[in-house]
Amino acid sequence: MDRTQKEEAVKNLKEIFDGAGSVVMAEYSGMTVAEMEDLRAKLREQGANIRVVKNRLAKIAMKGQPFEASGDMLTGPVAIAWAEDMISAPKVAVEFAKDNNAFNVIGGFMGEEVFNTDGIVTLSKLPSREELIGMAAARLIGQASEVAQRLMSPGSALAGAISVIEEKAAA
């Protein structure tokens with residue numbers, strides 16, 4: 001790589017770090033090309049990406065950022081997985097690491113927070129954006145139906161009382 005290519009790589013990494021909801025760092029030593037392609041496909045399905053990085057260039061891209069401390073994790077062959085949302089990259093990476101011994105999550109960051117492996121595993125267990133939206137919608141619908149039932153109950157009680165009076169008057 002010549003100097004201009006390195007500068008371009010650092011610029012691209014800065015853009016990735018700035019636009020990512022979260023970034024997962026993982027060792028991939030010993031993975032086959034087929035395994036890496038499988039991981040890429042799984043990440044793409046969730047709107048995430050993965051890239052093998054040069055540690056030195058990644059550390060330069062992190063310089064002066066709130067997550068600069070995560071640069072200490074960049075030793076050996078490291079790949080970064082990222083997505084615009086905070087959950088999809090950790091979720092896919094942790095799930096893939098369970099089935100593949102050559103892929104080990106070593107940490108990552110989200111905003112200003114730097115996480116070790118346990119932090120990324122915890123992050124991967126959070127519900128996705130779509131699941132959170134579904135949960136909120138279900139609660140709102142439940143609340144709306146409860147309000148409707150409460151509004152209707154005085155009217156139905158009144159209708160029942162009128163019906164009883166009508167039956168007594170007819171008898």
Side-chain angles (χ1 to χ4, degrees), residues 1 5-143:
M1 258 187 174
Q5 290 173 321
K6 289 178 183 177
E7 288 172 356
E8 186 66 29
V10 168
K11 181 181 162 201
N12 288 339
L13 286 170
K14 281 184 181 182
E15 289 173 4
I16 288 169
F17 295 152
D18 290 341
S22 64
V23 174
V24 178
M25 297 178 200
E27 296 172 337
Y28 65 94
S29 183
M31 283 181 67
T32 65
V33 173
E35 289 170 333
M36 185 61 92
E37 286 303 315
D38 182 38
L39 175 58
R40 283 183 203 281
K42 288 178 180 179
L43 285 164
R44 250 185 259 120
E45 286 174 12
Q46 300 300 319
N49 296 297
I50 190 166
R51 176 182 289 177
V52 173
V53 295
K54 290 193 175 285
N55 296 342
R56 198 167 120 321
L57 298 179
K59 286 178 183 179
I60 291 170
M62 291 177 179
K63 196 162 272 184
Q65 299 293 331
F67 46 82
E68 183 176 0
S70 64
D72 296 341
M73 296 178 214
L74 296 170
T75 57
V78 175
I80 59 167
W82 75 95
E84 286 183 20
D85 67 51
M86 297 173 224
I87 308 301
S88 59
K91 197 170 281 232
V92 173
V94 168
E95 193 61 37
F96 189 83
K98 287 179 185 175
D99 300 330
N100 190 316
N101 294 334
F103 186 78
N104 299 312
V105 174
I106 55 175
F109 59 88
M110 178 179 69
E112 297 180 8
E113 294 294 320
V114 176
F115 298 106
N116 60 11
T117 304
D118 295 334
I120 295 295
V121 170
T122 302
L123 189 60
S124 74
K125 293 178 182 174
L126 293 174
S128 69
R129 182 176 186 266
E130 290 77 20
E131 291 168 335
L132 287 173
I133 290 170
M135 290 166 53
R139 285 200 173 205
L140 289 173
I141 290 170
Q143 294 290 331

Over 12 foreign heavy atoms within 6.0 Å of CD, Q5: yes

Sidechain-backbone polar pair: E68 side chain, G64 backbone, donor-acceptor under 3.5 Å: yes

CG-CG distance between L57 and L74, expressed to the nearest 0.5 angstrom: 10.5 Å

Residues M36, F103; criterion side-chain contact (heavy atoms from CB on, under 4.5 Å); working and verdict: CA-CA 9 Å; M36 185 61 92; F103 186 78; 5.8 Å; no

Atom pair CE/CE of M73 and M62 - distance to nearest 0.5 Å: 8.0 Å

Interatomic distance, N104 atom CG to M25 atom CE [nearest 0.5 angstrom]: 15.0 Å

Spacing of CZ belonging to R56 relative to NZ belonging to K59, to within rounding of 0.5 Å: 10.5 Å

Partners meeting side chain to side chain contact (heavy atoms under 4.5 Å, CB included) with K14 (sequence neighbours left out): V10, A61

From I106 atom CD1 to F115 atom CZ, the distance as rounded to the nearest 0.5 Å: 15.0 Å

side-chain contact (heavy atoms from CB on, under 4.5 Å) between I80 and L13, intermediate numbers included: CA-CA 10 Å; I80 59 167; L13 286 170; 4.0 Å; yes

Heavy-atom donor-acceptor pair, S22 side chain to M110 backbone, under 3.5 Å: no

Where N116 and G119 come nearest, the two heavy atoms and their spacing: OD1-N, 2.9 Å

Point-to-point distance, once rounded to the nearest 0.5 Å, from CD1 of I50 to NZ of K42: 12.0 Å

Step-by-step side-chain contact (heavy atoms from CB on, under 4.5 Å) determination, V24 to V105: CA-CA 7 Å; V24 178; V105 174; 3.8 Å; yes

N/O donor-acceptor pair under 3.5 Å between E35 side chain and T32 backbone: yes

Side-chain heavy-atom pair V94, K125 within 4.5 angstrom cut-off: no

Heavy atoms of other groups near N101 CG, more than 12 under 6.0 Å: no

Residue pair L43, F96: steps toward the side-chain contact (heavy atoms from CB on, under 4.5 Å) verdict: CA-CA 10 Å; L43 285 164; F96 189 83; over 6 Å; no

Summary of ring pair (Phe, Tyr, Trp, His ring centres under 6.0 Å) pairs that have at least one residue in residues 27-48, sequence neighbours excluded: none

Heavy-atom neighbours of E84 CD exceed 12 at 6.0 Å: no

